[in-house]
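Side chains included, hydrogens not; waters and symmetry mates left out as well; all remaining heavy atoms used. Residue numbers begin at 1 in each chain, while the letters A, B, ... track the order of the sequences.
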Number of protein chains: 2
Amino acid sequence: MDRFTQLCKNHGLKITPQRAAVYAALKNSKEHPSADQIHKQLLHSFPNISLDTVNRTLITFARIQIIDVVEGQGDPRRFDPNREDHHHFYCLSCNTIFDFHDPDLEQLPLPEEITRTCTITGKRLCLTGYCEDCRQHKQKHQPINFCKPY
Amino acid sequence: MDRFTQLCKNHGLKITPQRAAVYAALKNSKEHPSADQIHKQLLHSFPNISLDTVNRTLITFARIQIIDVVEGQGDPRRFDPNREDHHHFYCLSCNTIFDFHDPDLEQLPLPEEITRTCTITGKRLCLTGYCEDCRQHKQKHQPINFCKPY
DNA sequence: TTGACAAATAGGTATTAATCCTATTTAATA
DNA sequence: TATTAAATAGGATTAATACCTATTTGTCAA
């Protein structure tokens, strides 16, 4: 039994050709693709596969924590008036984002390969979890995005 | 001349009552609000202000780097098959996200106040900038989101 | 102070991403 | 192989965002 089959069985998910194809497509990608990109790619092998199935399947995978949603994405755009060096904590329950500072982190040198090859214009540590108010009342919002837990 | 007026003048922007109100509303907020939230709030003082104006104004402010867009948000949702500890570099030009590892960062203790009061389920450093391929050809996509530069 | 002009706005329309709805199909189980 | 719950396709809906254009308004120079 392959790994994907095992994962589905562990979570009571049926093993469908569509699911296997979505999983394989994402696993083989280094692009951090969108549902739409995966859908377009799979249309070659599954001419009738729907975008909804692809999106729903990806979200299912994120909920059972076999893949992740890239942080923040898929949510309405939010703005930040604070231009000082700071970092973000995202509460998965109430969607609050609060700022924090971390002088140690600001000092931390970045990997040499990146500083050598790329131009860096911004740096932010993104923590996810449950804030002080919400830690007792988890899953109020059944977060899909930017979630480790579900 | 107040700070907002100064910033607008520096960038050749006209000082309009709408802009001043949007700027003040965001500056006074700790909520990392969306355009829609700011729009609703401003309707009390500007009964005719349009959502487009609020959104456009916020994006203008982000372009001149007096505010920021919260990382990732506003873009179509993208997925990540990599469940190991890793971090993300976002290229502002080609929209590539690539993974990198940083053992030092993984070791770094987080601020005690956060670990004491919150439950942390995820940790990711998000770097923005221009990747090796794009550093010569900046601004190909005129990034709005997650941008320091414009 | 006023006139000219470019820039910004309002409000309607269009587009895009994401989700919902429901009839049909399918995988799992006995 | 029959049953049943789960999953899918495909169309419809919603929500966020961007576009379009006539009108208004800051700005600047006379």
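Residues B:Arg19 and A:Lys14 each lie close to DNA chain C; by heavy-atom proximity, the contact nearer the 5' end of the strand is made by B:Arg19. Between B:Thr57 and B:Pro76, it is B:Thr57 whose nearest contact on DNA chain C lies nearer the 5' terminus. DNA chain D is contacted by both B:Pro17 and B:Gln73; B:Gln73 maps to the nucleotide lying nearer its 5′ end (nearest heavy atom per residue).
B:Ile59 comes within contact range of the sugar-phosphate backbone alone, with a heavy-atom separation under 4.0 Å but no base atom that close.
In this structure, A:Ile15 atom CD1 and C:dT25 atom P are separated by 23 Å, rounded to whole Å. The separation between B:Asn55 atom CG and D:dA16 atom C1' is 9 Å, rounded to whole Å. In this structure, B:Lys9 atom NZ and D:dG26 atom P are separated by 12 Å, rounded to whole Å. Residue B:Asp75 contributes atom CG, which lies 21 Å from atom P of C:dT15 at whole-angstrom precision. Between B:Leu13 atom CG and D:dT25 atom C1' there is a gap of 15 Å when expressed in whole angstrom units.
Put simply, A:Arg56 has a side-chain N or O that comes within less than 4.0 Å of OP1 or OP2 on D:dT8. Taking only side-chain nitrogens and oxygens, A:Gln18 comes nearer than 4.0 Å to OP1 or OP2 of D:dA9. For the pair B:Arg77 and C:dT19, the criterion of a side-chain N or O lying under 4.0 Å from OP1 or OP2 is met.
Relative ring orientation between A:Phe4 and A:Phe61 is described as perpendicular, the plane-to-plane angle rising above 60° on a 0-90° scale split at 30° and 60°. The aromatic rings of A:His32 and B:His88 sit perpendicular, their planes meeting at an angle over 60°, well past the 30° parallel limit.
Neither side chain, A:Gln18 nor A:Tyr23, offers a donor N or O lying under 3.5 Å from an acceptor on the other. Inspection of the A:His11 and A:Gln65 side chains reveals no N or O donor paired with an N or O acceptor under 3.5 Å.
Listed by chain and number, the residues in a salt bridge (Lys or Arg N to Asp or Glu O under 4.0 Å) with A:Lys40 are A:Asp36 (sequence neighbours excluded).
Residues B:Asn55 and B:His39 form no side-chain contact, since every pair of their non-hydrogen atoms from C-beta on lies 4.5 Å or further apart. With a 4.5 Å cut-off on side-chain heavy atoms, B:Phe79 and A:Val22 do not count as touching.
Applying a 4.0 Å cut-off to non-hydrogen atoms, the residues of residues 34-53 of chain B that approach DNA chain D are B:Leu51, B:Asp52, listed by residue number.
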